[in-house]
Amino acid sequence: MRGDDTPFPARLTVPRWPSGVPDLPRALAWTFVRAGCAGSARCAIGRWRTQEPAGVVEAGDLPAGFFEGRLVGWRLAVCGEAGRVARVVAAATAAGLLDEEIVVNVESTASARWFCPACGATTTVPAGAGSAGCDGCGRRLQPREHWSPASGQFLCDAS
Amino acid sequence: MSAETPPHRFAWPFDGQPYRFFTNVEPAGAEVRTAGGSWGATVFQADEAYPEVIAERREILRRRPRAAAALPHMHAAEWDALTWVFERFAAEHPRVATADLTDPSRVRWRNTVTGSELDLTQDGTAHPLAVAAHEVAEDLFLLDLRDGALRLDAVAATFVASWSSTFSLGMSFSDLHGPIPRLHGSGMVARTERFLRALQPGEVVRRLNWSMQPTGDLDASVDARHTWPGEDDLRRRVVADPGTLRLRIEIQHLTALPATGAILFTIATQLTPLARLVTVPEWRDQLELVLSELPEDMAAYKSFADVREPVLAYLSSRSAS
Amino acid sequence: MTTYRVAGRRSGGPGVLELTLVPDDGAQPAPYVPGSHLPVRAGGVVNAYSLLDDGCRPSAYRIGVRRGCPGGGSAWLHDNARTGTTLVAGPPRSAFAPVLSARSHLLLGAGIGVTPLLSHLRAARRWGRQVELVVGSGAGRDVFASELDDLAPPRTTRVVGRAALRAAVREALSRQPIGTHAYACGPDGFAAEVRSAAADLAWPAGRLHIEHFDAPQLDAGDPFTAELGDTGRELHVPAGTSLLHALDAAGVRLDRMCERGVCGRCEVGVRSGDIRHRDLVLGPADRARGDVMLACVSRGSTTLRLEVP
């Protein structure tokens with residue numbers, strides 16, 4: 001048997017954040033994280049606080065030991081700027097949280113994180129940039145439309 | 001490096017039909033006769049190129065240590081992979097290597113070609129998948145069922161084609177295949193993932209993949225592309241002499257590892273210039289059929305859309321008729 | 001399907017039989033992932049039994065069999081399996097494996113449901129995994145008690161009676177560190193109780209794994225008859241034999257690759273008859289039309305008339 005011959009395009013793996021402020025599902029406890037959250041009209045923290053009591057952490061990077069002592073039943077909700085939200089989500093996933101334990105609201109998109117294939121370094125650039133120098137090796141980077149939820153980075157070509 | 005696979009053991013991927021993606025998996029281990037010779041009797045390759053390929057593998061791992069990387073929870077699966085790889089390799093190539101696995105938490109390995117004499121313990125071995133990659137010519141990948149999807153959670157790969165295994169660490173099977181045209185709408189990725197999740201220990205399956213490449217480099221990863229000439233240079237070279245274009249074959253093997261259920265994925269790479277392949281008339285004919293008919297999006301993905309015309313002219317000029 | 005010989009039989013507790021099986025041809029049994037089950041044909045039916053060891057280089061398969069209702073496969077094994085008895089079984093199937101990325105493992109078992117947890121405990125010991133165990137049994141109905149004594153991790157709760165088990169399970173679920181995965185095995189009622197307690201405590205579904213003693217994914221199927229095109233030839237396809245292999249034996253060779261219902265190569269046209277589709281290739285439209293099937297895994301629930309050259 002031969003495969004279907006319809007020319008389906010490649011499925012570009014760009015970030016797909018929820019479009020509106022998501023409601024919080026039931027949990028035993030919550031922590032809200034402001035990741036570059038500016039408290040604009042699209043900020044979710046206020047609305048989430050009316051739904052659930054929770055501690056609020058201000059962080060682009062989560063503090064060391066953040067996940068210690070948390071019990072199953074606890075959830076994380078992150079609000080803020082796309083590049084920094086992606087970084088928090090990647091850290092939470094690396095700590096063993098499942099997709100359904102993380103709620104995300106992207107309030108703005110101001111930055112993106114790029115992966116340099118030549119040296120492995122990460123470079124943070126303004127959103128929409130077409131190219132940039134790598135912070136690690138100085139090579140010219142151009143992003144592909146290929147994004148990893150595991151690291152919150154775009155793959156680039158280095159030259 | 002320019003490793004070249006002679007036609008007598010080249011894994012010819014075409015069968016005289018136009019090419020489309022399909023889930024072309026079959027049980028491993030059966031030798032396949034081709035018009036030029038045969039391939040497929042073993043999972044691991046230990047042919048005349050083996051010492052040279054291992055030397056290049058080790059040089060890349062030394063220069064680019066992140067080519068071998070694993071998420072922290074993968075140690076058990078890596079050890080599981082190491083023991084499976086060593087045992088299978090030694091069974092397939094007893095004159096090259098021996099593996100003593102009497103105690104499942106300890107492996108003793110001797111390789112007469114690389115000169116390795118290893119005495120490894122489960123708890124005392126830091127990166128088992130990287131250790132295995134130092135001894136075999138194949139790239140090694142581990143997929144783990146995590147948060148509802150198969151994910152690439154360990155890699156030890158120096159010879160990948162046009163993608164970045166280092167970038168892909170931790171990504172889901174579906175996401176890391178995102179850039180491939182025609183794969184998603186057709187349900188093929190989902191179907192392949194279902195198949196992989198149903199693999200059971202002891203079953204080993206294989207499939208072939210192919211693409212075109214302007215150079216003889218085994219390492220065609222995105223991670224190494226900055227060391228290559230520019231796209232225009234490469235295209236000019238192929239246009240000047242289309243016979244130098246390489247057909248790149250990946251012999252992929254898949255199995256579920258016995259102690260952890262993680263999926264081990266191995267890729268052996270073969271590269272041979274068209275000039276050598278067209279000496280087999282049947283192959284010349286089949287290649288012309290496939291390359292002339294392949295839709296543009298797939299030709300782009302297989303890396304020959306921008307040289308299709310000169311390559312077809314070349315193939316036609318080599319026709320016996 | 002492989003033929004096994006019973007190499008040992010002993011009690012695993014009241015009403016529970018432990019059988020040791022070895023391949024009848026003297027081969028080494030295939031390894032299996034911890035938590036796997038073995039589909040065994042006994043008394044004319046196929047039942048899945050949990051394998052008791054960690055599956056790494058096994059010299060034999062050990063299974064635990066609770067005497068079920070009269071006339072069932074388990075009762076047949078209790079009454080008939082003796083050292084030397086031969087049995088037919090499929091390869092081990094893994095559907096209850098330890099999650100490699102779990103930070104900690106909580107094992108919950110009731111009665112005979114402890115059997116796959118023994119396999120998990122052995123694997124946890126091998127890999128140094130953090131594990132907690134909660135098991136319950138009826139009064140005087142301990143299952144595999146001495147093996148549990150040997151394997152029990154430091155955090156172990158063993159209780160008697162349904163109410164005590166329910167309370168112990170809820171208490172354990174309420175204090176697991178984030179990253180824990182829980183595994184539950186027991187009678188249907190127990191599974192429902194664990195599910196309900198986990199839901200109350202806001203456990204994400206992805207952290208809870210329930211072992212169902214279901215039939216294996218692809219059972220041997222019922223025998224059926226296939227008619228070959230216009231030839232008038234009739235082919236008997238016995239239970240446990242695929243249509244593909246039955247056609248081979250009749251000298252009709254279809255193309256093939258995976259023999260797993262995935263690649264689609266052994267597709268064959270069907271003129272009439274009801275098909276039991278078991279592949280992963282055909283879409284709902286193909287199935288509704290009912291004019292093609294994959295001969296490697298799918299079967300007829302009535303006589304099938306095939307488009308065979």
Side-chain angles (χ1 to χ4, degrees), chain A residues 1-6 8 18 22-33 48-49 51-57 59 61-78 88-104 148-152, chain C residues 99-106 108 129-130 132 169-183 194 196-209 254-269 279-283 285-286 292-296:
Chain A
M1 188 192 80
R2 293 292 162 181
D4 188 332
D5 207 15
T6 319
F8 294 103
D23 282 330
L24 299 178
R26 206 175 73 77
L28 283 198
W30 283 96
T31 298
F32 300 152
V33 175
W48 286 344
R49 293 190 90 159
Q51 293 176 21
E52 296 285 345
V56 179
V57 176
D61 280 321
L62 297 174
F66 179 75
F67 297 100
E68 271 163 41
R70 312 284 184 189
L71 301 180
V72 177
W74 170 78
R75 305 274 195 284
L76 186 67
V78 190
V88 170
V89 171
T93 304
L97 266 70
L98 306 182
D99 214 29
E100 50 187 317
E101 291 171 320
I102 308 168
V103 173
V104 163
S148 165
S151 64
Chain C
V99 173
L100 296 180
S101 51
R103 297 298 194 270
S104 180
H105 304 258
L106 174 63
L108 309 169
R129 288 177 182 141
Q130 188 175 318
E132 176 173 350
V169 163
R170 186 170 283 267
E171 194 274 327
L173 283 169
S174 73
R175 52 166 175 73
Q176 294 302 313
I178 193 92
T180 303
H181 283 252
Y183 310 82
V194 172
S196 140
D200 287 350
L201 296 162
W203 273 61
R207 296 205 177 278
L208 182 61
H209 310 273
L254 298 181
D255 193 11
R256 74 202 62 196
M257 244 186 170
C258 73
E259 298 198 29
R260 293 281 299 276
V262 174
C263 74
R265 284 212 161 178
C266 64
E267 185 175 296
V268 61
D279 63 275
L280 301 172
V281 176
L282 300 177
D286 300 314
V292 289
M293 69 186 289
L294 297 188
C296 64

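Letters go in sequence order (proteins before strands), and every chain restarts at 1.
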Listed once per pair and sorted, the salt bridge (charged side-chain N to carboxylate O under 4.0 Å, His left out) pairs that draw on residues 171-182 of chain C, sequence neighbours left out: C:E132-C:R175, C:E171-C:R175

Engaged part of A:A94 at the chain C interface, taking heavy atoms whose separation is under 4.5 Å: backbone

Pairs satisfying salt bridge (charged side-chain N to carboxylate O under 4.0 Å, His left out), at least one member in residues 91-104 of chain A, at least two apart: A:E101-C:R207

Which atom of C:A202 lies closest to which atom of A:A27, heavy atoms considered: CB-CA, 3.6 Å

Interchain contact, C:T180 with chain A, by part (heavy-atom threshold 4.5 Å): both

Under the side chain to side chain contact (heavy atoms under 4.5 Å, CB included) test, residues paired with C:Q130 that sit two or more places apart: C:S104

Distance (rounded to the nearest 0.5 Å) between A:L28 CG and C:L201 CG: 5.5 Å

Contact residues of residues 64-74 of chain A (partner chain C; heavy-atom separation under 4.5 angstrom): A:F67, A:R70, A:L71, A:V72, A:G73, A:W74

